[in-house]
Amino acid sequence: MGFNLQNLEAALKAGRKYTYLPFSLHFFESVSSTNQTLWNLLNQGAISGTVVIATVQTAGRGQWGREWISPVGGLYVSVAISLDHKIEATDSYQLTFATAWGIASQLRQCGVDVGIKWPNDLVLNGRKLGGILTETKVNKGQITQAVIGVGINWTNPVPETGINLESWQASQDFRPISCLEMLTSTVLLGIESGMECLCREGVKVLLSRYLDLLINMGDRVYVNNLSGKVVGVTPQGNLRVDLETHDTKELITPEIYIEPGTISLGYHKSSV
Ligand SMILES: Nc1ncnc2c1ncn2[C@@H]1O[C@H](COP(=O)(O)OP(=O)(O)OP(=O)(O)O)[C@@H](O)[C@H]1O
Ligand SMILES: O=C(O)CCCC[C@@H]1SC[C@@H]2NC(=O)N[C@@H]21
């Protein structure tokens, strides 16, 4: 049975608390990447709140040009967010953090014990349940448009470091999320509540909520043969590390080599 948009609309309507994003839903069987399709729609005049959902992606993308494996059974969804007086962000990481916190806390309210792995991963039982890819358009140093893409493993097969939600639910004595449409509405409502937090409460509050769910806190990292401990993140999205030398260092993602597939967080070979 295919994806039922009416069921999604009903679930969204039932769970709606805010009106930041006037979700306008577009469904496709197969696209290269929902983020790409959404950029194409934006070029044709689509507005903030436009959503693209696809059954499969043939070239799903992750961070740093990595591939997001996207067979049937997964959730692949992207949301357009225009930055204006209502939604503001000085760095695209703020949008990623808002999204990660929003989705994780929405899933946790359903009883799914999701954590966040810095900067953009949703983790369940130490395995990767999903990821977030924020792409932005910048004009005169200001972000004007963002496309936020979310991939969640629902019933699809996953790499060894991954987990899908259905298999996790099967191992519990409850099944809080009953179908892909419900997962989609949970994700969309999570994104909206993340934006609400960023805009109404501000970056500081958002970061403290993000840190509460961050599984990396206290992790040991190595920087130029010195070891240190993860103590937080900065508003620019950097990881804050206390070194043994009592210095505090801020590390940004490309500076730390995170070995692909190492969900257990080897921050190996830092070039900082
Ligand atoms: N459907 C999927 N489920 C889980 N993991 C996936 C899936 N598709 C791809 N991946 C993994 O996610 C990586 C892309 O995620 P990202 O760019 O965020 O890197 P990362 O967070 O450093 O990944 P990791 O920590 O898993 O190495 C890919 O290199 C691949 O290992
Ligand atoms: O962990 C990551 O690196 C982020 C993965 C993001 C995958 C989603 S799936 C929907 C959207 N479209 C894409 O091409 N990527 C994102």
Side-chain angles (χ1 to χ4, degrees), residues 3 25-28 30-42 50-81 92-93 95-97 99-100 103-104 114-136 146-168 180 183-184 187-188 190-191 214-216 219 221 230 237 239 251-270:
F3 193 91
L25 308 175
H26 296 252
F27 178 80
F28 298 84
S30 175
V31 295
S32 60
S33 149
T34 53
N35 273 27
Q36 188 54 55
T37 302
L38 189 45
W39 281 118
N40 297 345
L41 290 179
L42 285 165
T50 302
V51 176
V52 168
I53 302 160
T55 302
V56 291
Q57 298 185 117
T58 53
R61 43 202 199 220
Q63 288 202 117
W64 321 120
R66 289 178 182 163
E67 185 194 4
W68 187 256
I69 304 161
S70 311
V72 177
L75 169 62
Y76 314 108
V77 61
S78 300
V79 183
I81 297 184
S92 69
Y93 272 117
L95 299 169
T96 300
F97 290 176
T99 302
I103 297 174
V114 171
I116 299 168
K117 183 190 136 198
W118 178 81
N120 67 326
D121 288 344
L122 297 165
V123 173
L124 183 59
N125 271 3
R127 289 169 179 270
K128 187 152 163 171
L129 176 69
I132 296 156
L133 178 68
T134 302
E135 297 174 331
T136 53
V147 163
I148 298 184
V150 180
I152 306 260
N153 298 316
W154 169 241
T155 56
N156 55 299
V158 289
E160 217 176 282
T161 51
I163 185 169
N164 79 35
L165 190 55
E166 262 294 69
S167 68
W168 180 84
L180 188 55
L183 177 63
T184 312
V187 164
L188 291 175
I191 295 174
L214 195 67
I215 63 166
N216 311 79
D219 274 358
V221 297
V230 175
L239 200 58
L251 309 180
I252 61 173
T253 333
E255 289 176 324
I256 307 179
Y257 177 73
I258 303 179
E259 198 167 277
T262 50
I263 195 76
S264 58
L265 301 166
Y267 297 97
H268 311 289
K269 294 188 203 162
S270 168

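Note that the coordinates shown come from a computational prediction; the quantities given were computed from them, not determined experimentally. Both ligands and their constituent atoms are indexed starting at 1 by order of listing. For the numbers below, each heavy atom of this structure counts, side chains included, while hydrogens, waters and symmetry mates do not.
- Numbered from 1 in the order shown, with element, the atoms of ligand 2 that lie under 4.0 Å from a heavy atom of Lys128 read 1 (O).
- Considering backbone and side-chain N/O atoms, Asn156 never comes within less than 3.5 Å of an N/O atom of ligand 1.
- Judged by distance alone, the side chain of Asn216 and the main-chain N or O of Trp118 form a donor-acceptor pair under 3.5 Å.
- Ligand-side atoms of ligand 1 in range of Ile69: 1 (N), 8 (N), 9 (C), range being under 4.0 angstrom from any heavy atom.
- Contact annotation for Asn120 and ligand 2: only side-chain heavy atoms (C-beta onward) come within less than 4.0 Å of the ligand.
- Of all atoms in ligand 2, numbered sequentially from 1 with element shown, those under 4.0 Å from a heavy atom of Val77 are 10 (C).
- Just one of Trp154, Tyr76, Phe27 meets the ring pair (Phe, Tyr, Trp, His ring centres under 6.0 Å) condition when paired with Phe3; it is Phe27.
- Taking all heavy atoms of Lys117, Glu67, Lys128 into account, the minimum distance to atom 16 (P) of ligand 1 is reached by Lys128.
- Against a heavy-atom cut-off of under 4.0 Å, Asn120 is close to the following atoms of ligand 1: 18 (O).
- Heavy-atom separations between Gln57 and ligand 2 include at least one value shorter than 4.0 Å.
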Quiz item: Does the pair Thr184 and Val51 meet the rule for a side chain to side chain contact (heavy atoms under 4.5 Å, CB included), with working shown?
Solution: CA-CA 11 Å; Thr184 312; Val51 176; over 6 Å; no
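- Side-chain N or O atoms of Asn120 include none that pairs as donor or acceptor with a backbone N or O of Gly131 at under 3.5 Å.
- Set against the non-hydrogen atoms of Asp121, the atoms of ligand 2 under 4.0 Å away are 1 (O).
- Counting atoms of ligand 2 from 1 in the listed order, those under 4.0 Å from a heavy atom of Gly60 are 14 (O).
- The main-chain N or O of Asn156 is found under 3.5 Å from a side-chain atom of Asn164 such that the two form a donor-acceptor pair.
- Residue contact annotation: Gln36 has no non-hydrogen atom under 4.0 Å from ligand 2.
- Shown in contact with Thr34 at under 4.0 Å from a heavy atom are these atoms of ligand 2, numbered in order with element: 10 (C), 11 (C), 12 (N).
- Neither the backbone nor the side chain of Arg66 comes within 4.0 Å of ligand 2, counting heavy atoms alone.
- Taking only nitrogen or oxygen atoms, main chain and side chain alike, Gln63 reaches within less than 3.5 Å of ligand 2.
- The proximity of Arg66 to ligand 1, defined as any non-hydrogen pair under 4.0 Å, is limited to the side chain.
- Close contacts between ligand 2 and Arg61 involve ligand atoms 5 (C), 6 (C), 7 (C), 13 (C), 14 (O), 15 (N), 16 (C) [criterion: under 4.0 Å to a heavy atom].
- Taking distance alone, with nitrogen or oxygen atoms compared against 3.5 Å, Ser33 approaches ligand 2 more closely than that limit.
- The distance from atom CD1 of Ile163 to atom CG of Asn125, rounded to the nearest 0.5 Å, is 5.0 Å.
- The shortest N or O to N or O distance between Thr161 and ligand 1 is not below 3.5 Å.
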